[in-house]
Colleague: 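This is the structure I have questions about; it appears just below.
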Amino acid sequence: MIDLVGDRLLTPRKGRIRFGKHPMPPLGAVAAVGVLVTVLAAAVVPGLLTRTDPVAVAPRERLRAPSVSHVFGTDQLGRDVFARIVHGTGASLSAALIAVAIAIIGGSLIGVATGYLGGWTDRVGMRLVDVLLAVPGLLLSMTVVAATGGGTVELGVAVGIAGVAGAARVVRSRTLQLRASPFVEAALVSGWRKPTVVARHVLPHLWPTAAAVASVEFGQAVLAVAALGFLGFGPPPPAPEWGAMVAEGRAFLAASWWLTVVPAVVITLVVLAAYRLSRIVDGGHRA
């Protein structure tokens, strides 16, 4: 328990310290937002974080350990690892955002249609979802990329298609709850047409669910894009990409651990931050 100090410090509820009327945000939430903001800045304006050319080769600087001059060290060609991670953020995040957009839009269309209309629409739509879920997401993404070719857009499309089924199931579940709610039934009894009811009463109540699903999908997309890059389906060398950097560093893991560990840690932090953000969004909606 924390005692009152004047009228500023109040006894916390559920483990949170309050300053005046406003509770302090959890440390994990602040860290997650900080990670995502930093990554977004690196993707949009990489020059703010580093001026080093990510593809410039410097044989005399090869395999340098992390130091003041090279924060994350250098790789086997003398390229600055920090610069490559920063400049590789754009490709990784672009593919992830494309994947999230495809998964959320496609999943929402299927989820709303099957959950609200029911009947044969529900049966056909959910059988399609079951087929997609029966195929491992990474395998499905690899198949799509192999058919369309490597690249940022192709990676995003492939990962997004694999994420449609999961988003559709969540949106359908929420749509079923909304369809049985009193205000939706009242609108139908009043003579409103189904498209109008969906637009005015169902969709506005779906956005918190869609936002939480988008956060989770973003974390999964970052991980899937990195996995495809690790397997060689990402942008061609020498373009930097997080998964490809992990793969390139495997041969030097014993002596130059930073080549693999540093990009792997960056991927992990971004994925965990996205998952934490989904909890914030979902918790705020429930509150």
Side-chain angles (χ1 to χ4, degrees), residues 25-26 29 32-33 36 40 93-135 137 140-141 144 153 156-224 271 273-287:
V33 173
L36 294 177
L40 182 61
L93 259 62
S94 297
L97 291 175
I98 293 172
V100 171
I102 293 175
I104 295 300
I105 294 174
S108 296
L109 290 176
I110 296 175
V112 171
T114 57
Y116 189 81
L117 297 178
W120 68 267
T121 303
D122 188 25
R123 291 192 293 271
V124 173
M126 294 315 296
R127 295 299 78 77
L128 174 62
V129 169
D130 291 339
V131 170
L132 291 176
L133 289 175
V135 182
L140 180 59
S141 300
V144 175
V153 176
V157 172
V159 174
I161 292 175
V164 167
R169 290 180 68 91
V170 176
V171 173
R172 174 181 178 271
S173 176
R174 179 59 177 157
T175 302
L176 289 174
Q177 296 176 356
L178 292 172
R179 189 180 67 175
S181 60
F183 59 87
V184 171
E185 293 180 351
L188 291 173
V189 171
S190 300
W192 289 19
R193 301 181 62 183
K194 287 184 177 181
T196 304
V197 174
V198 170
R200 298 193 60 177
H201 293 289
V202 176
L203 293 181
H205 290 83
L206 279 177
W207 78 262
T209 300
V213 172
S215 299
V216 175
E217 287 289 344
F218 177 74
Q220 294 178 344
V222 169
L223 193 59
V271 173
Y275 286 165
R276 188 67 180 87
L277 180 62
S278 71
R279 293 181 58 187
I280 296 172
V281 173
D282 187 55
H285 167 60
R286 293 178 185 276

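Side chains included, hydrogens not; waters and symmetry mates left out as well; all remaining heavy atoms used. Small disclaimer: the values here were computed from a predicted structure and weren't measured.
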Colleague: Nearest 0.5 Å, what's the OG-CG distance between Ser181 and Leu176?
Modeller: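 Result: 11.5 Å between the selected atoms.
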
Colleague: Under the 3.5 angstrom rule, does the side chain of Arg276 hit a backbone N or O of Ala32 as a donor-acceptor pair?
Modeller: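 Looks like no, no N/O pair under 3.5 Å.
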
Colleague: Write down the atom of Val112, the atom of Val198, and the distance for their closest heavy-atom approach.
Modeller: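 Answer, listing the atom of Val112 first, then Val198: CG1-CG1, 3.9 Å.
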
Colleague: I need the full list of salt bridge (Lys or Arg N to Asp or Glu O under 4.0 Å) pairs touching residues 116-132, with sequence neighbours left out, sorted by first then second residue.
Modeller: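 Every pair satisfying salt bridge (Lys or Arg N to Asp or Glu O under 4.0 Å) with a residue in residues 116-132: Asp122-Arg172, Arg127-Asp130, Asp130-Arg169.
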
Colleague: Take Phe218 and Val271 through the test side-chain contact (heavy atoms from CB on, under 4.5 Å) and record every step on the way to the result.
Modeller: CA-CA 8 Å; Phe218 177 74; Val271 173; over 6 Å; no

Colleague: Enumerate the residue pairs fulfilling salt bridge (Lys or Arg N to Asp or Glu O under 4.0 Å) with a member in residues 157-168, sequence neighbours excluded, ordered by first and then second residue.
Modeller: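 Matches after skipping sequence neighbours: none remain.
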
Colleague: Please name all residues satisfying ring-ring contact (aromatic ring centres under 6.0 Å, His included) with Trp192, sequence neighbours left out, ordered by chain then number.
Modeller: His201

Colleague: Mind checking side chain to side chain contact (heavy atoms under 4.5 Å, CB included) for Ser94 and listing every partner two or more places apart, or none if nothing turns up?
Modeller: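 Side chain to side chain contact (heavy atoms under 4.5 Å, CB included) list for Ser94, sorted by chain: Thr152.
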
Colleague: State, to 0.1 Å, how close Thr121 and Ala113 come at their nearest heavy-atom pair, and which atoms those are.
Modeller: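 Nearest heavy atoms, Thr121 then Ala113: CG2-O, 3.8 Å.
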
Colleague: Only counting residues at least two apart or in another chain, list the ones meeting side chain to side chain contact (heavy atoms under 4.5 Å, CB included) with Val170.
Modeller: Thr209, Val213

Colleague: CH2/Trp120 to OG1/Thr114 distance, rounded to the nearest 0.5 angstrom?
Modeller: 11.5 Å

Colleague: Taking all atoms of both residues into account, what is the closest heavy-atom pair of Ala162 and Gly137, and its distance?
Modeller: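 Ala162 and Gly137 have their closest heavy atoms at CB-O, 3.6 Å.
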
Colleague: Could you tell me which residues satisfy side chain to side chain donor-acceptor pair (under 3.5 Å) with Gln177, sequence neighbours excluded, listed by chain and number?
Modeller: Arg174

Colleague: Check whether Ser190 reaches the backbone of Ala186 with its side chain - one donor and one acceptor, N or O, closer than 3.5 Å.
Modeller: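 Here the side-chain-to-backbone pair exists.
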
Colleague: Compare every heavy atom of Gly166 with every heavy atom of Leu133, then report the nearest pair and how far apart it is.
Modeller: CD2-N, 4.3 Å

Colleague: Using the test side chain to side chain contact (heavy atoms under 4.5 Å, CB included), find all partners of Leu109 that sit at least two apart in sequence or belong to another chain.
Modeller: Ile105

Colleague: Can you list every pair that meets salt bridge (Lys or Arg N to Asp or Glu O under 4.0 Å) and has a residue in residues 201-224, with sequence neighbours left out?
Modeller: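 Every candidate salt bridge (Lys or Arg N to Asp or Glu O under 4.0 Å) pair involving residues 201-224 fails, so no pair, neighbours aside, qualifies.
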
Colleague: Between Val129 and Leu132, does a side-chain contact (heavy atoms from CB on, under 4.5 Å) hold up when you go through it step by step?
Modeller: CA-CA 5 Å; Val129 169; Leu132 291 176; 5.6 Å; no

Colleague: Apply side-chain contact (heavy atoms from CB on, under 4.5 Å) to Tyr116 and Val184, showing your working.
Modeller: CA-CA 11 Å; Tyr116 189 81; Val184 171; 4.2 Å; yes

Colleague: With a 4.5 Å cut-off on side-chain heavy atoms, are Arg200 and Phe183 touching?
Modeller: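 No, every pair of side-chain atoms sits at 4.5 Å or beyond.
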
Colleague: For Ala96 and Val222, work out which heavy atoms get closest and say how close.
Modeller: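 Here Ala96 and Val222 meet closest at CB-CG2, 3.8 Å.
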
Colleague: How long is the gap from CG on Leu203 to OG1 on Thr175, to the nearest 0.5 Å?
Modeller: 8.0 Å

Colleague: Just jot down the side chain to side chain contact (heavy atoms under 4.5 Å, CB included) partners of Ser108, sequence neighbours excluded, or say none.
Modeller: Ile104, Val171

Colleague: If I compare all heavy atoms of Ile102 with all of Gly160, which pair ends up nearest, and what's the gap?
Modeller: CG2-C, 3.8 Å

